[in-house]
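So the structure is just underneath, and the comments pick up after that.
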Amino acid sequence: MDACWNCGFSGPGARCLQCGENKIAPQVTAVATVRHASPAPILPAQRAVPPAFAVPGAMGTAPVTALPGHIRAIGNGVVTSRACDILLSSDEAMVWEDSPSAILLADLAFKYLLLLAAVLALAPRWWTVLALLALAAIHLALRYWHLRSTVYRLTSQRLEITAGLLNRCTVAHEVHRLDGMAITSSVWLRRRGRANLAIRSPRIVLRAIRGADRVRDLLRDAGQLEAGRVDKIRWR
């Protein structure tokens, strides 16, 4: 392996793996150096992309550690400055966020009260009542935990739904693909100023949210704006 005349790096191929210069350049241009002053040495930092890497097939094989820049650093949760450029160029912004209300537990609690009344009327035994109360408490606690762990988020481009007790799952839906919305509310929900917003396609139900009518309008307007943006990109 010959050493490079410019930086002194030794490697395979006719071009230097470090700076990309031709190793035999001084011998070819020996006559030209008599008439012209020798140029300043070309350092690797002066080139954004060395010619050897910019032109495919201009050099032999080389290990990945010989690649310029921080390409070899990617893989352990590391990003380059290009990732910041991509995020800054996006105009996506948070629009709305909410979680289901605990008022949804009112129906379940009412059913347990009816069952407890029936048990007291038919078989008033203390161990039966205690078992029923323990079952109701555990069931209501799990349902409450599930409601509190559910989060609805709307951005200018996506509707995200995060749910799960131990294993959390986040599903994102593009707003311009949402179609058909209906608002329903029970007596308990109307007393708390909440309602259910059902989306026909894809089948999504935003349960017990505040201002369901305003959220419906936000979804519609955001979907129209995003559909126009997608059409512009498609026809470029």
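Every heavy atom of this structure was used, including side-chain atoms; hydrogens, water molecules and symmetry mates were not. What you see is a predicted model, and the numbers here were worked out from it, not measured in a lab.
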Check your understanding: What is the distance from atom CD1 of I209 to atom CG of L197, rounded to the nearest 0.5 Å?
Key -> 5.0 Å

Check your understanding: How long is the span from the NE2 atom in H146 to the CG atom in L104, to the nearest 0.5 Å?
Key -> 10.0 Å

Review point. Is a side-chain donor or acceptor of S99 paired with a backbone partner of R148 at a separation under 3.5 angstrom?
Key: no

Review point. Does N196 use its side chain to pair, donor to acceptor, with the backbone of S185 at less than 3.5 Å?
Key: no

Check your understanding: Do other residues, nucleotides or ligands put more than 12 heavy atoms under 6.0 Å from the CZ atom of R177?
Key -> no

Check your understanding: Can you name the nearest heavy-atom pair linking L189 to A195, along with the distance?
Key -> CD1-CA, 4.2 Å

**Study point:** Exam field: side chain R143 to backbone L105, donor-acceptor pair closer than 3.5 Å
**Key:** no

Point to revise | More than 12 heavy atoms from other groups under 6.0 Å of CH2 on W188 | key: no

Exercise for review: State whether the side chain of D98 and the backbone N or O of R210 hold a donor-acceptor pair below 3.5 Å, judged by distance alone.
Suggested key: yes

Review point. Quick check: does any side chain N or O of Y152 sit under 3.5 Å from a backbone N or O of P100, one acting as donor and the other as acceptor?
Key: no

**Study point:** Heavy-atom closest pair, residues A222 and V175
**Key:** O-CG2, 3.7 Å

**Study point:** Neighbour count >12 (heavy atoms, 6.0 Å) for atom CZ, R214
**Key:** no

Practice item. Would you confirm whether R168, through its side chain, and S149, through its main-chain N or O, come within 3.5 Å as a donor-acceptor pair? Key: yes

Check your understanding: Rounded to the nearest 0.5 Å, what separation is found between the CD1 atom of I138 and the CG atom of L133?
Key -> 11.0 Å

Revision key, fill the gap. For E160 and A172 the tightest heavy-atom approach is CG-CB, 4.0 Å

